[in-house]
A.B. asks: 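Structure below; questions to follow.
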Amino acid sequence: MVKKIAFISLFFTFLFGTMTYAHSGGTDSSGGHNCSEKSMAKGLCSGYHYHNGGGDTSSDTSTGGGSSNPAPATRNDDMDCTDFGSYDEVVEYWNSKGYSATYDPENLDGWGNGQVDDGIPCEAPSDYDRTKINNSPEQVQYDQEQQDIESGEKQGAAQGMKDGYLESESNSFASPGSDAYKEGYATGYNKGYADGKKKIEAEKTKATKEGYALGKKQDKIAVPEKYTSHTGLKKAFEDGFNKAVAERVDAKKKEFTEQGYNDGKKDTHSPPKDSTKEYVTAYQVGYDKAQNELKEEYLQKGYKAAFKTLKYKEPNLTNPKFKEWYKEGFESNKEITEISDAGLSLGKKGVSLTIPAEYQKAKPIFTHYYNVGLKEYEEEQDANQAASTIGISGLVLSWLGRRFYVAKKMIG
């Protein structure tokens, strides 16, 4: 039992003794390194020492013993992964030293095993943004992608500007290059295309104004050379020019239309001479409009005259055309027939004269035909009365003759 207890005690002594002197840190090519201040403070080591069988464990510089592999000079500033409070501190230190997978004198990459690992110091958390670590594969890839994006944006913007300015169909797809390049190309192209469109629209506006100004002065177009090479600019100049010319033509046509109208009202026809057909047509349009208005005016005068006069009476007009229109209007009045019949019918009934409101405008006509009808009524009444008188006289004579005959027979 005592032996077992002694064995167990010896085992734990060896175990904890070994753990006491275990510490982290990178080793050099000889398998040793300088103890960090933090490790020395913990009592884990002191000065330069070896790990993993490196150097000559039987030699100790502190005792003056010899060694076939003398230790390198002491470096008390070496850092190991346990010397940092957070991984951000590791990265900050690594970046400040300019370390990389091929330059890691403190052996932070690989956790002190003396071998280059992956260019990532210590052990990065799984969710850590490794692009922050100088010279890491992720940062190298990220930098390359950024360069590709920048290059794509630059070339895409140039092509987009060109296509937008030429008013070509938009095409932001880039067939060659990495995905990052294509992404940058599309972004740059769309922006460049919008800038190109904006630029050409501004120039087209300017071209339109210049064309308009020229069209206000002359009828013959002359497109400036600076616009002839671009279809959109050339068309913009021509549109502005044509608009100005059309406005001048419209204004001139309006003048001739007004002139024709004024002449038409005076019944004077004087179309422009040595003018284009469209100006002559404009004059005729105005003239015809005025003539139609004049005709309607005299037609109405004649029409209204029919309500006041039983028989057509030629107006006091010197213009034969006006007289003709007046007579045409007089004869076109068909309302007179209805009014005449209504007045005649009322008169034939022998009632008092009462003119309905709708016939007041033709009072003379209604009254005249009323009197005609009334006269017929009265004549008919007189005839009936005369016939009645004759009939009564005949009966009296017949009775007297009968009485005379009877009296004669009695005497005889």
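FYI, side chains are in, hydrogens and waters are out, and symmetry mates aren't considered; it's all heavy atoms of this structure. The residues of the chain are indexed from 1 along the displayed sequence.
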A.B. asks: Taking 4.0 angstrom as the limit, do K265 and E293 come out as a salt bridge?
C.D. replies: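 So K265 pairs with E293 through a salt bridge.
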
A.B. asks: In plain terms, say whether K199 and D195 are close enough for a salt bridge, that is, a side-chain N and a carboxylate O under 4.0 Å apart.
C.D. replies: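 A salt bridge is absent here (no side-chain N lies under 4.0 Å from a carboxylate O).
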
A.B. asks: Please name the pair of heavy atoms, one in A305 and one in Y326, separated by the smallest distance, quoted to 0.1 Å.
C.D. replies: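 Heavy atoms only, the tightest pair is CB-OH, 3.0 Å.
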
A.B. asks: Other residues, nucleotides and ligands only: do more than 12 of their heavy atoms fall within 6.0 Å of CG on N242?
C.D. replies: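 Result for CG/N242: enclosed.
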
A.B. asks: Considering non-hydrogen atoms only, spot the tightest contact between N134 and N95 and give its length.
C.D. replies: N-OD1, 2.8 Å

A.B. asks: Any sub-3.5 Å donor-acceptor pair from T268's side-chain atoms to G264's backbone N or O?
C.D. replies: no

A.B. asks: Specify whether H230 and Y165 have parallel, tilted or perpendicular ring planes, treating 30° as the upper limit for parallel and 60° as the lower limit for perpendicular.
C.D. replies: perpendicular

A.B. asks: Tell me whether E150 is salt-bridged to K154, with the criterion being a basic N under 4.0 Å from an acidic carboxylate O.
C.D. replies: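 Here E150 does not pair with K154 in a salt bridge, since their nearest N and O are not under 4.0 Å apart.
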
A.B. asks: Give a yes or no answer on whether the side chain of N190 reaches the backbone of A186 with a donor-acceptor pair at less than 3.5 Å.
C.D. replies: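 Between the backbone of A186 and the side chain of N190 there is a qualifying donor-acceptor contact (under 3.5 Å).
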
A.B. asks: Over 60° means perpendicular and under 30° means parallel, so classify the ring planes of F237 and Y227, tilted if in between.
C.D. replies: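 Plane angle between 30° and 60°, so tilted.
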
A.B. asks: Ignoring hydrogens and angles, state whether a donor on the side chain of Y181 or Q147 is under 3.5 Å from an acceptor on the partner side chain.
C.D. replies: no

A.B. asks: Hey, does the Lys NZ or Arg CZ of K301 hover above the aromatic six-ring of Y298, less than 6.0 Å from the centre and inside 45° of the axis?
C.D. replies: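 So K301 does make the cation-pi contact.
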
A.B. asks: Considering only NZ, NE, NH1 and NH2 on the basic side and carboxylate oxygens on the acidic side, decide whether K204 and E201 come within less than 4.0 Å.
C.D. replies: yes

A.B. asks: Salt bridge check, R248 against D219: does any charged N sit closer than 4.0 Å to a carboxylate O?
C.D. replies: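 Salt bridge present between D219 and R248.
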
A.B. asks: Would you please classify the geometry between the Y189 ring and the Y193 ring as parallel, tilted or perpendicular, with 30° and 60° separating the classes?
C.D. replies: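 Taking Y189 first and then Y193, their aromatic rings lie parallel (interplane angle under 30°).
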
A.B. asks: Answer yes when E247 and K216 have at least one side-chain N-carboxylate O distance shorter than 4.0 Å, and no when they do not.
C.D. replies: yes

A.B. asks: Aromatic contact between F330 and Y303, with the criterion being ring centroids under 6.0 Å apart: yes or no?
C.D. replies: no

A.B. asks: Work out which heavy atom in L108 is nearest to a heavy atom in C81; give both atom names and the distance.
C.D. replies: O-SG, 4.0 Å

A.B. asks: How close do Y99 and N135 get, counting heavy atoms only, and between which atoms?
C.D. replies: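 Looking at all heavy atoms of both residues, the shortest contact is O-ND2, 3.0 Å.
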
A.B. asks: Any salt bridge linking K361 with E335? Criterion: basic side-chain nitrogen under 4.0 Å from a carboxylate oxygen.
C.D. replies: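 Answer for the salt bridge query: yes.
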
A.B. asks: So, taking the atom named CG in D80 and the one named SG in C122, what distance separates them when rounded to the nearest 0.5 Å?
C.D. replies: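 Output value for this atom pair is 8.0 Å.
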
A.B. asks: What are the two closest non-hydrogen atoms of W325 and K295, and how far apart are they?
C.D. replies: CE3-CA, 3.4 Å

